[in-house]
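For reference, the structure is listed below as structure tokens.
As the structure is a prediction and not an experimental result, all values here were calculated from the model. For this chain, numbers begin at 1 and follow the sequence in order.
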Amino acid sequence: MLLWKIVAALTLAAAPAPPAATTGSGCATTNLETALNLMLPCFPAGGDLELERDSEEPVTAEFITKSMTVRDVPNGFALIESDDLRFAYEAALFKAPRDTTLVVAAKGGRKDRVVVFQCDLKGLKLAQDATKTFDLSREEILRLYDSAGLIAPPGKKGLKAKNVREWGSSFVDFTLPRTGRTIKLVASVDIPKEIRGTEVGTVEYVDQKFVVRPFKMQAP
């Protein structure tokens, strides 16, 4: 993957070498930089997380170095953004038992696209079931909005259920955690504008699974 190839190569060169990953063809590490580096041969084309510049100039390691506005190795978090990038990128690492880690990557200025990779002793692969958890349907999004009290009742002004079903918007942005295990889901509509940024739910990492919880179902 182009993003991972450049970011990993660059961050590893710009800082002391991270702990070595498991030897052989496996992929077992608790270091985000190492996990990103191990993604290189598996996703060289970039997949769903393309890295493109508005200027259409080549993406170089030097450019990515300048674009890493947050690089938090101890907490397994990275943020890449630039005025010349068409999208911003976030990545966060989640630990699991049996020498397994999950790398969650979010793409977009509003982080409305998420992909999850699994890194274990057998190697690296796209965690399809986990990725599907973040691919919310319109009905799921409608339930999230309703649980947060953002759907106007009949006869009242405001966002309607039919708007959520018909508008061509993602409606939900994902805020990856820099610390902890809970990903926040926030409203991303512009009409009415006061709704934007309101928390509508969470994606919690529980028993090695990502679980979507509407606002009313969140733990106190």
Side-chain angles (χ1 to χ4, degrees), residues 32 48-49 69-70 72 74-81 86-97 100-118 126-220:
L32 177 59
D48 291 328
L49 299 174
T69 57
V70 177
D72 188 344
N75 288 313
F77 178 87
L79 170 64
I80 303 108
E81 57 184 354
R86 296 184 182 180
F87 304 100
Y89 297 83
E90 288 182 345
L93 187 145
F94 290 79
K95 299 177 183 179
T100 299
T101 56
L102 296 173
V103 177
V104 180
K107 164 192 173 183
R110 299 177 179 174
K111 307 298 186 300
D112 56 7
R113 170 64 175 152
V114 172
V115 178
V116 184
F117 301 93
Q118 179 174 316
L126 177 66
Q128 295 182 343
D129 289 342
T131 297
K132 288 179 181 178
T133 300
F134 294 90
D135 189 14
L136 303 174
S137 69
R138 288 304 171 91
E139 291 303 316
E140 288 175 311
I141 293 173
L142 179 57
R143 286 195 290 272
L144 290 171
Y145 270 63
D146 189 47
S147 74
L150 300 183
I151 301 299
K156 299 291 185 179
K157 292 183 179 181
L159 187 69
K160 305 294 184 181
K162 69 175 183 178
N163 299 140
V164 177
R165 293 189 175 102
E166 297 174 359
W167 286 354
S169 170
S170 66
F171 282 95
V172 172
D173 298 334
F174 301 91
T175 303
L176 301 192
R178 185 167 174 176
T179 60
R181 300 153 67 97
T182 299
I183 297 171
K184 289 185 179 180
L185 303 177
V186 298
S188 64
V189 297
D190 294 314
I191 302 175
K193 62 181 181 179
E194 60 268 18
I195 286 179
R196 172 171 293 284
T198 301
E199 186 175 342
V200 297
T202 58
V203 179
E204 298 177 11
Y205 188 54
V206 182
D207 296 330
Q208 293 79 61
K209 292 183 179 180
F210 291 101
V211 180
V212 178
R213 297 192 188 281
F215 188 79
K216 291 179 181 178
M217 294 179 61
Q218 294 181 50

Does the side chain of [Y] come within less than 4.5 Å of [X]'s, by heavy atoms?
X      : Y      : answer
Tyr145 : Val189 : yes
Asp173 : Arg196 : yes
Arg143 : Val212 : no

Go through the side-chain N and O atoms of Glu204 and Thr202 and say whether any donor and acceptor fall under 3.5 Å apart.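 Short answer, yes.
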Report, one line per pair, each donor and acceptor closer than 3.5 Å where one atom sits in a side chain of residues 153-161; sequence neighbours left out.
residue, atom, partner, partner atom, Å
Lys160, NZ, Pro153, O, 3.3
Lys160, NZ, Lys156, O, 2.3

Measuring from atom [atom1] of [X] to atom [atom2] of [Y], what distance do you get when rounded to the nearest 0.5 angstrom?
X      : Y      : atom1 : atom2 : result
Glu199 : Lys184 : CD    : NZ    : 5.0 Å
Thr131 : Leu126 : OG1   : CG    : 4.5 Å
Ile191 : Trp167 : CD1   : CH2   : 5.0 Å
Arg165 : Lys162 : CZ    : NZ    : 11.5 Å
Ile151 : Asp146 : CD1   : CG    : 6.0 Å

Specify the closest pair of heavy atoms between [X] and [Y], including all atoms of both residues, with the distance to one decimal.
X      : Y      : answer
Phe171 : Asn163 : CZ-O, 3.5 Å
Leu176 : Ala92  : CD1-N, 4.1 Å
Pro214 : Ser147 : CB-OG, 3.4 Å
Lys95  : Arg181 : O-NH1, 4.4 Å
Leu150 : Ala187 : CD1-CB, 4.1 Å

Is the CD atom of Glu194 crowded by more than 12 outside heavy atoms at less than 6.0 Å?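 More than 12 within 6.0 Å, yes.
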When Gln118 is tested against each of Val103, Asp129, Leu102 for side chain to side chain contact (heavy atoms under 4.5 Å, CB included), which residue passes? Leu102
ring-ring contact (aromatic ring centres under 6.0 Å, His included) against Phe94, all qualifying residues, sequence neighbours excluded: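 Here the qualifying residues are Tyr205, Phe210.
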Using side chain to side chain donor-acceptor pair (under 3.5 Å) as the criterion, list what pairs up with Arg178, not counting sequence neighbours. Asp72
